[in-house]
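Everything numeric here is computed off the predicted structure, so don't read it as measured data.
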Amino acid sequence: QVQLVESGGGLVQPGGSLRLSCAASGSIFSIYAMGWYRQAPGKRRELVATITSGGSTRYADSVKDRFTVSRDNAKNTVYLQMNSLKPEDTAVYYCNADLSLTVTPGRYSYWGQGTQVTVSS
């Protein structure tokens with residue numbers, strides 16, 4: 001019913017930048033919030049940044065002042081601009097959308113397939 005397609009991951013040197021994108025499509029009525037989570041090998045998935053439809057944002061302390069989350073509501077797309085990347089930012093990054101559907105009542109959480117970000121020299 002809903003697909004989240006991520007793009008923009010890759011290999012970057014410490015101090016470099018990457019921009020992730022995630023586009024949501026399908027039987028979407030309204031998206032309340034979108035965001036990014038990450039999971040490093042052997043660790044639990046953790047919140048990176050989220051943004052509501054009204055533009056309110058929340059960041060993990062570890063990425064504040066380095067990462068910026070933004071959103072294009074018309075395109076159902078969320079972005080994550082990552083600057084000053086560190087090796088500890090290496091992880092699979094997952095997009096998440098908190099939304100309602102056109103065909104089924106209720107509120108649902110959907111995940112993308114994940115995109116690898118590797119920070120290494």
Side-chain angles (χ1 to χ4, degrees):
Q1 289 176 312
V2 173
Q3 298 81 40
L4 299 182
V5 179
E6 299 141 337
S7 61
L11 173 65
V12 64
Q13 292 186 341
S17 298
L18 280 176
R19 188 188 193 217
L20 306 182
S21 300
C22 172
S25 62
S27 303
I28 299 169
F29 178 74
S30 181
I31 301 180
Y32 305 106
M34 298 186 78
W36 295 93
Y37 293 72
R38 67 186 181 187
Q39 187 167 19
K43 295 188 177 181
R44 298 177 64 179
R45 189 174 296 188
E46 63 177 2
L47 177 146
V48 177
T50 61
I51 184 168
T52 68
S53 58
S56 297
T57 58
R58 181 162 67 116
Y59 294 92
D61 288 343
S62 59
V63 306
K64 281 181 182 176
D65 301 323
R66 298 190 298 122
F67 291 10
T68 302
V69 63
S70 60
R71 178 171 168 176
D72 185 333
N73 290 332
K75 295 182 179 179
N76 288 340
T77 299
V78 64
Y79 306 95
L80 185 67
Q81 178 66 44
M82 304 185 292
N83 299 327
S84 302
L85 282 160
K86 305 175 181 180
E88 51 263 44
D89 294 318
T90 296
V92 177
Y93 283 69
Y94 295 92
C95 174
N96 175 263
D98 176 21
L99 52 82
S100 58
L101 302 173
T102 58
V103 295
T104 307
R107 191 158 168 169
Y108 302 90
S109 180
Y110 282 86
W111 293 90
Q113 79 284 357
T115 185
Q116 178 70 46
V117 171
T118 302
V119 185
S120 175
S121 55

Using side chain to side chain contact (heavy atoms under 4.5 Å, CB included) as the criterion, point out the one residue from Ile31, Ile28, Leu4, Asn96 that pairs with Tyr110.
Leu4
Determine whether Gln116 and Thr90 make a side-chain contact, defined as any pair of heavy atoms from C-beta on separated by less than 4.5 Å.
yes
Hydrophobic clusters here meaning ILVMFWY residues chained together by side-chain heavy-atom distances under 4.5 Å, can you tell me if Tyr108 and Val2 are in one?
yes
Residue pair Cys95 / Met34: nearest heavy atoms and the distance that separates them:
SG-CE, 4.3 Å
Distance, nearest 0.5 Å, that separates OH of Tyr93 from CD of Glu6:
12.5 Å
Could you walk me through whether Ser25 and Val5 pass the side chain to side chain contact (heavy atoms under 4.5 Å, CB included) test, one step at a time?
CA-CA 8 Å; Ser25 62; Val5 179; 5.7 Å; no
Do Tyr59 and Val119 belong together in a cluster built from hydrophobic side chains that touch within less than 4.5 Å?
yes
Please report the shortest heavy-atom distance between Ala40 and Ala91, naming the atom on each side.
N-CB, 3.8 Å
Could you tell me the separation between the OG atom of Ser62 and the CG atom of Leu47, rounded to the nearest 0.5 Å?
9.5 Å
Worked verdict on Trp111 versus Arg45 for side chain to side chain contact (heavy atoms under 4.5 Å, CB included)
CA-CA 12 Å; Trp111 293 90; Arg45 189 174 296 188; 3.2 Å; yes
Could I get the full list of side-chain contact (heavy atoms from CB on, under 4.5 Å) partners for Asp98, not counting sequence neighbours?
Tyr32, Ala33, Arg107
Arg38 CZ to Phe67 CZ distance, which is reported to the nearest 0.5 Å
5.5 Å
Between Val117 and Leu80, is there shared hydrophobic-cluster membership here, with clusters defined by ILVMFWY side-chain heavy atoms closer than 4.5 Å?
yes
State plainly whether one hydrophobic cluster holds both Ile51 and Leu99, where clusters connect Ile, Leu, Val, Met, Phe, Trp and Tyr through side-chain heavy atoms under 4.5 angstrom apart.
yes
Decide whether Val48 and Tyr79 are clustered together by the hydrophobic rule: side chain heavy atoms of Ile, Leu, Val, Met, Phe, Trp, Tyr closer than 4.5 Å, transitively.
no
Sequence neighbours excluded and cut-off under 3.5 Å, please list the side-chain donor-acceptor pairs for residues 12-24, or say none.
{"unit_1": "Ser17", "atom_1": "OG", "unit_2": "Asn83", "atom_2": "OD1", "d": "2.9"}

Report the C-alpha separation of Tyr37 and Thr50 in whole Å, then their side-chain angles, then the decisive distance to 0.1 Å, and conclude whether the side chain to side chain contact (heavy atoms under 4.5 Å, CB included) test is met.
CA-CA 9 Å; Tyr37 293 72; Thr50 61; 4.1 Å; yes
Spacing of OG belonging to Ser53 relative to CG belonging to Asn76, to within rounding of 0.5 Å:
11.0 Å
Thr115 vs Ser7, side chain to side chain contact (heavy atoms under 4.5 Å, CB included): CA-CA, chis, key distance, verdict:
CA-CA 7 Å; Thr115 185; Ser7 61; over 6 Å; no
Working to the nearest 0.5 angstrom, can you tell me the gap between Arg58 CZ and Thr52 OG1?
11.0 Å
By side-chain contact (heavy atoms from CB on, under 4.5 Å), Arg66 pairs with (sequence neighbours left out) Val63, Ser84, Lys86, Asp89
